[in-house]
2 protein chains.
Amino acid sequence: MPPARRSRTASANPASERTELPALHLTRFLPYRLSVLSNTVSHTLAKLYEKRFGITIPEWRIIAVLGGGETMSAGEIAQRTAMDKVQVSRAISRMLDSALILRESGDTDRRKALLTLTPKALAIYAEIVPMALTYEEEVTDALSIDERAQLDTLLSKLQARADQLAARPAPAGAQAEAAGE
Amino acid sequence: MPPARRSRTASANPASERTELPALHLTRFLPYRLSVLSNTVSHTLAKLYEKRFGITIPEWRIIAVLGGGETMSAGEIAQRTAMDKVQVSRAISRMLDSALILRESGDTDRRKALLTLTPKALAIYAEIVPMALTYEEEVTDALSIDERAQLDTLLSKLQARADQLAARPAPAGAQAEAAGE
DNA sequence: TTGCAACAGTTTCAAACGAAACTAAAATGG
DNA sequence: CCATTTTAGTTTCGTTTGAAACTGTTGCAA
């Protein structure tokens with residue numbers, strides 16, 4: 001792991017003459033850049049959803065995974081949307097209120113509730129998907145075809161690595177833990 | 001994997017035989033992927049900050065921009081960190097409590113308060129920057145040198161485009177608004 | 001001057017969030 | 001069988017958030 005970093009931005013700050021600290025510029029820091037980009041994109045899109053259909057991002061995600069007409073449990077939805085079960089539970093409860101979703105107790109396992117979109121939600125799905133894809137295309141229009149392929153690769157690799165790092169126990173202190181996972 | 005979008009997932013759902021609706025798979029939807037990746041990364045990193053220094057992401061960002069020893073106003077911080085002024089205001093108030101920041105009223109303009117990190121915060125900065133850079137390297141280790149350069153380019157282009165799209169007024173309804181801004 | 005718009009930052013309020021505790025329904029297993 | 005553990009989902013609690021309203025300050029202009 002070559003810490004090539006270390007752009008000597010000792011710069012012109014007369015106050016601190018610390019020992020060549022590797023300076024960190026937020027605007028070049030990957031987590032920051034991802035956060036800002038993701039926020040910009042999500043926020044823009046969320047306003048579209050909200051204005052037009054009065055739904056939130058969690059609700060939109062649920063509509064997205066159930067939009068094919070499939071039926072699944074809350075747990076499955078949580079997995080597929082990468083939301084946690086609390087978030088899913090709350091979104092579902094809102095959607096029940098606004099008649100976007102239908103819940104019926106499973107017969108074989110009464111813990112699992114089977115969830116299906118109502119026609120109302122399917123109508124939203126039919127309208128929202130083109131909107132979402134259009135927005136996505138508007139964003140990726142900034143890239144060449146090659147670059148889009150690159151983006152796909154990069155995001156996959158980064159996500160895989162980030163997952164890996166997130167899964168490791170507690171790298172902080174002096175915890176000698178087998179990196180089993 | 002090139003964006004072969006439009007995988008006709010008419011699939012095997014007997015219920016809906018809609019007119020070849022372009023299906024949307026969240027896992028291939030850019031805003032979703034960005035959101036998940038950004039959350040994974042930020043969350044992992046935030047846990048490091050929190051565990052070791054008891055600071056939140058907004059506080060870390062403020063430390064990052066003031067870490068060079070510079071002094072600036074809350075507004076400037078907001079700009080540089082891409083946070084809004086409310087978030088900055090709250091983070092600053094926490095940091096005042098924990099003696100991480102120093103605030104003195106400007107003499108020329110008493111609206112602007114000049115903010116500087118305390119030695120305590122500078123010490124955190126000195127410790128946290130290597131941690132942050134290490135984590136960043138661990139993530140980008142998943143990429144080749146070329147890919148890292150690509151990533152930089154792609155993120156910049158996407159951000160620029162996303163900003164552009166975010167700035168446009170209200171593309172929703174039939175609002176014929178001069179695109180003045 | 002005074003009056004008003006623009007600006008810097010804070011506070012308020014309601015919504016959203018995450019972690020942990022909780023309820024209820026299977027699965028396990030002695 | 002009954003007791004225990006695991007699983008599915010909900011509720012609670014304290015915190016965080018964002019938008020809008022608000023306070024105080026400056027700049028501008030009649």
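In what follows, chains are A, B, ... by sequence order, proteins preceding strands, each numbered from 1. Quick note: numbers below take in every heavy atom, side chains included, and nothing from hydrogens, waters or symmetry partners. Source: prediction; values computed, not measured.
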field: Protein-nucleotide distance (A:R111, atom CZ; C:dA25, atom P), rounded to Å
entry: 10 Å
field: Donor-acceptor under 3.5 Å (B:T118 side chain, B:A99 main chain)
entry: yes
Comparing A:R110 and B:A113 on DNA chain C - which has the more 5′ nearest nucleotide: B:A113
- prompt: Taking only residues two or more places apart in sequence or in another chain, which ones pass salt bridge (Lys or Arg N to Asp or Glu O under 4.0 Å) with B:D163?
  reply: none
field: Inter- and intrachain pairs under side-chain hydrogen bond (donor to acceptor under 3.5 Å, both in side chains), touching residues 83-103 of chain A, at least two apart
entry: A:T56-A:R94, A:E59-A:R94
Could you pull out the protein-nucleic contacts involving nucleotides 19-22 of chain C (nitrogen or oxygen on both sides, under 3.5 Å)?
none

task: Answer yes if the side chains of B:S35 and A:S38 hold a donor-acceptor pair under 3.5 Å, and no otherwise.
output: no
Under the side chain to side chain donor-acceptor pair (under 3.5 Å) test, residues paired with B:T40 that sit two or more places apart: A:Q159
field: Pair listing, ring-ring contact (aromatic ring centres under 6.0 Å, His included) test, anchored in residues 56-75 of chain B, at least two apart
entry: B:Y49-B:W60
field: Proximity to DNA chain D (any heavy atom under 4.0 Å), residues of residues 92-105 of chain B only
entry: none
Salt bridge (Lys or Arg N to Asp or Glu O under 4.0 Å) involving A:D141 - partner list, sequence neighbours excluded: A:R148
- prompt: Who passes side chain to side chain donor-acceptor pair (under 3.5 Å) against B:T81, sequence neighbours left out?
  reply: none
message: Quick check for you: to the nearest 0.5 Å, what is the distance between A:L115 atom CG and A:I77 atom CD1?
response: 5.0 Å
Position toward the 5' end of DNA chain D (nearest nucleotide), A:N39 or A:L114: A:L114
field: Residues in salt bridge (Lys or Arg N to Asp or Glu O under 4.0 Å) contact with B:K157, at least two apart in sequence or another chain
entry: A:E147
- request: Taking only Lys NZ, Arg NE, NH1 and NH2, and the carboxylate oxygens of Asp or Glu, determine whether B:E70 and B:R80 approach each other closer than 4.0 Å.
  value: yes
message: Measure NZ/A:K112 against C1'/C:dA27 and give the value in whole Å, please.
response: 12 Å
query: Which residues, if any, of residues 72-83 of chain B bring a heavy atom under 4.0 Å of DNA chain C?
result: B:S73, B:A74, B:G75
- prompt: Could you give the CG-to-C1' distance, from A:D109 to C:dA27, as a whole number of Å?
  reply: 10 Å
- request: Considering only NZ, NE, NH1 and NH2 on the basic side and carboxylate oxygens on the acidic side, decide whether B:R33 and A:D152 come within less than 4.0 Å.
  value: yes
query: Can you list the residues that meet the salt bridge (Lys or Arg N to Asp or Glu O under 4.0 Å) rule with A:R161, with sequence neighbours excluded?
result: none
message: Using a 4.0 Å cut-off to any heavy atom of chain B, which nucleotides of DNA chain D are the first and last in contact, reading 5' to 3'?
response: D:dT17 to D:dT26
